[in-house]
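Since the structure comes first, as structure tokens, the remarks are kept for the end.
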Protein chains: 2
Amino acid sequence: MTPQRIDRSVLKELDIFATMADEDLDAVLQSAHTRRLATGVSVFNQGDPAAEFFALLHGRLKVTQTAPDGQQILVRHVHPGDIYGIAKAIRRSDYPGTATAVVESLTMVWPINQWDFLVARCPALAVNALATVGARLQEAHTRIRELGTEGVERRVAHALLRLVHQAGRKTDEGILIDFPITRLDIAEMTGATLHTVSRLLSAWEGRGLVSSSRKKIVVCNPHGLVALADGRAEQD
Amino acid sequence: MTPQRIDRSVLKELDIFATMADEDLDAVLQSAHTRRLATGVSVFNQGDPAAEFFALLHGRLKVTQTAPDGQQILVRHVHPGDIYGIAKAIRRSDYPGTATAVVESLTMVWPINQWDFLVARCPALAVNALATVGARLQEAHTRIRELGTEGVERRVAHALLRLVHQAGRKTDEGILIDFPITRLDIAEMTGATLHTVSRLLSAWEGRGLVSSSRKKIVVCNPHGLVALADGRAEQD
DNA sequence: CGGCGAGTTTGCGCAAGGACAAAGATGCAT
DNA sequence: ATGCATCTTTGTCCTTGCGCAAACTCGCCG
């Protein structure tokens, strides 16, 4: 499938471009192209020279980071409308993580040198990017606090609620996390082992809080999960 | 002591203003004033409406964040030359944490409404702030990785090395962390208890890695500490 | 349609480090 | 000078959740 024509209106969906004038949007479109991503394919790898930056149009990505000793964490998921891979904006010359499609996805791509050009032309871009990165920083601090002060059960509950917030879709059994996610993914998000996550989900399933199967999680009782996350013991 | 006259040259020391033209610097100075902070005094408190933003000239601050359940973490230290409290830049109307002077300090202060004004006048400000926040985000991810995958000993070793990097001063016994810091502070930086931190420092002191006393830590053998942080067992 | 690989479940034992407790140092304040 | 608040050390016990091991299930690919 050949890269398709993208319309200005698509860009306006992206927070980062939302405040830009039409002619600036056209300039942004000029230098962009799109790329299809099959499930499991990586957009960039940790350590690669940062040659491009991106915005996700459809699908989902996960961003992981691996330590020298091989230990891996899941940094965040990328959802439609998010920009990502903006290493240049934070003055890195390489990507600090690896971005991988967890479902078939479609992304916009810009050559990295366009960043400075676009920012010069439209300073609001830097301001918007600052807000985006700031929001990520706050979420990171929240995770640090959880990792430092809460037990595994509460951390996993928080992570699940965050996923519900980011990618929840109502169904008749409850709220579905609307992309494939494994026990290992959740373990890497929460600093647990996949074994512990599996045990927790089994226990919760028994209590009717969630309903899960292979790569799929439905939260049946969000209220109960919030109680768990807040550390209030569940009482039936 | 009355607020003293600040010179342009002072601003140029701050990363965030480093690239600005002289007349812009003067505009920045116009709206600024300075404030002395006695040890233990807070500059702003978590949840306060964000009315000002700041840059530290002398001294040290610590930024803490407290969860609803009272659990606290130490988010970071603020060093001379850092800007902080820029809630507005990341579109928050309140401060997400509390900043407290750990030694007598001197800070610059701007009314928050100056932020938009200054950014409009000098877009480089947003670009520089983006780089600063980006660097903090990367550090936060590193901490998340450590918290999720490493044991307490390695985490404390990493935290200590980071402190050495940020505020190390050579002395003849080794590298001194150049501001008062308690076991509890380190515990709140690493997700440990002050008891465990105390035990670790005692053990390390026995091995000649560090030398510590009340609110004071000297790293005697940085190389050995790096070995610990990397998870390579120490062999004498 | 059968096999294989990725993902999941579950059991068991153990170790890291937290909880609790109490005593000891240090230095500031009056 | 002395007393108190803050910070630190150390001991003992006990829980959390990880390590290891093994079986099981699902769905896809040939």
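Just so we're on the same page: letters track the sequence lines, and every chain starts at 1.
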Any chance CG of Asp48(B) has more than 12 other-residue heavy atoms, nucleotides or ligands included, within less than 6.0 Å? yes
Would one find more than 12 heavy atoms of other residues, nucleotides or ligands at under 6.0 Å from atom CG of Asp178(A)? yes
How close or far is atom [atom2] of [N] from atom [atom1] of [X], stated in whole angstroms?
X         : N       : atom1 : atom2 : result
Glu205(A) : dT8(C)  : CD    : P     : 12 Å
Arg154(A) : dG18(C) : CZ    : P     : 16 Å
Leu200(B) : dT10(D) : CG    : P     : 12 Å
Lys215(A) : dC26(D) : NZ    : P     : 15 Å
Glu188(B) : dT8(D)  : CD    : P     : 12 Å
Lys216(A) : dA6(C)  : NZ    : C1'   : 18 Å
Ile181(B) : dT6(D)  : CD1   : P     : 19 Å
Leu147(B) : dG18(C) : CG    : P     : 11 Å

Toward the 5' end of DNA chain D, which comes first, Ser212(B) or Val197(A), by nearest nucleotide? Ser212(B)
Contact state string [nucleotides 19-30 of chain C, B base, S sugar-phosphate only, - no protein heavy atom under 4.0 Å]: BBB---BB----
For Gln72(A) and Arg145(B), which I'm curious about, is there any donor-acceptor pair between the side chains at under 3.5 Å? no
Going by distance alone, is a donor N or O of one side chain under 3.5 Å from an acceptor N or O of the other, for Ser212(B) and Arg183(B)? yes
Looking only at the aromatic ring of each residue, does the gap between the centers of Phe54(B) and Phe44(B) stay below 6.0 angstrom? yes
Heavy atoms only: give me the nearest Thr39(B)-Glu104(B) pair and the separation to one decimal. OG1-N, 3.1 Å
Between Thr196(A) and dC18(D), is there a contact of a side-chain N or O with OP1 or OP2 at under 4.0 Å? yes
Check whether any side-chain nitrogen or oxygen of Ser213(A) sits under 4.0 Å from OP1 or OP2 of dC26(D), and answer yes or no. no
For the pair Phe179(B) and His77(B), name the ring-plane relationship: parallel under 30°, tilted 30 to 60°, perpendicular over 60°. tilted
Under 4.0 Å, counting only non-hydrogen atoms across every strand here, what does Ser198(B) touch: a base, just sugar-phosphate, or nothing? base
Leu201(B) near the nucleic acid: base, sugar-phosphate alone, or nothing, with a heavy-atom cut-off under 4.0 Å? nothing
